[in-house]
Amino acid sequence: MAAFWRDLGLPGLVDIHTHFMPPKVLEKVWAFFEDGHAGVGRPWPIYYRQPEEERVALLREFGVRRFSALLYPHKPGMAAWLNSWAAGFAARTPDALHSATFFPEPGAAAYVAEAIGAGARLFKAHLQVGAYDPRDETLDAVWGMLAEARVPVVVHCGSGPTPGRFTGPGPVSEVLARHPRLVVIVAHLGAPEYGDFLSLAGRVPDVYLDTTMAFTGFLERLAPFPAALLPRLAALADRILLGSDFPNIPYPYLHQLKALARLDLGTDWLRAVCYHNAVRLLGL
Ligand SMILES: [Zn+2]
């Protein structure tokens with residue numbers, strides 16, 4: 001693993017899309033994937049099922065210098081509790097980016113303000129699992145605050161692995177039109193709507209895309225990335241961020257890195273994606 005970033009002359013990696021959650025929640029997420037509920041029509045065994053400290057140690061061993069701790073609620077009344085757990089995790093894990101989340105519910109603006117005040121520097125919104133409309137009026141103040149504070153939000157807004165009512169480029173584009181200073185990181189490179197989300201990033205300078213699972217054998221079988229889009233991926237070199245979905249992946253971590261290298265977009269592209277873009281965006 002270290003050879004990958006050393007050969008690029010990097011001091012390590014920054015992974016914008018990793019998950020750390022309260023152990024009981026993570027157990028449920030793992031069971032969801034392993035019991036076939038993700039709807040991908042094939043097994044999704046979790047490769048990194050270790051206890052939390054071992055998972056943190058693994059990322060450090062891989063040379064991941066900073067990583068996120070993305071969590072997300074699937075129902076109301078959960079986000080504030082997840083955020084307090086995440087604040088504790090960030091406090092005891094100095095190389096983890098303090099992450100937070102929200103749900104359209106009364107009180108969302110208050111707990112998001114509290115999380116930003118407490119130092120959260122990355123949010124996660126999961127439109128597929130949460131099954132909510134990002135244009136919901138209870139979220140207007142939330143997007144407004146994130147835009148004002150320039151705190152990026154990783155949004156799972158693509159319709160992979162299965163479409164949701166509010167996935168796809170439409171709803172999130174409307175949120176961006178209403179909050180032009182909002183910094184959005186489109187998860188999974190927008191799979192399977194790669195072209196639409198690359199176009200969105202082409203139009204809106206504060207839209208980024210993370211590489212999470214993209215180009216891996218697993219995702220290529222479900223939602224192949226069209227080779228015709230490679231030049232646009234190359235051109236957006238300053239807007240693509242390494243993400244992995246560690247630990248909830250059905251293959252070893254190195255597979256994601258090799259999948260990016262195989263695109264053959266050059267070492268400058270890899271250096272920007274695997275390290276420099278995140279350092280610049282998050283002021284690391
Ligand atoms: Zn994820």
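When a residue number appears, it is its place in the shown sequence, counting from 1. Both counts, for ligands and for their atoms, begin at 1 and track the order of listing.
- With contacts defined as side-chain heavy-atom distances shorter than 4.5 Å, the pair V56/F89 qualifies.
- The Zn ion (ligand 1) has an N, O or S atom of H19 inside 2.8 Å of it.
- The existence of a salt bridge linking R49 and E27 is confirmed by a sub-4.0 Å separation between a basic side-chain nitrogen and an acidic carboxylate oxygen.
- Across every non-hydrogen atom of L146 and F102, the tightest pair is CD1-CE2, 3.8 Å.
- Here the two rings, on Y253 and Y48, have centers that are 6.0 Å apart or farther.
- Coordination check, H17 versus the Zn ion (ligand 1): passed, since an N/O/S atom of the residue sits under 2.8 Å.
- Nearest N/O/S atom of D245 with respect to the Zn ion (ligand 1) is recorded as OD1.
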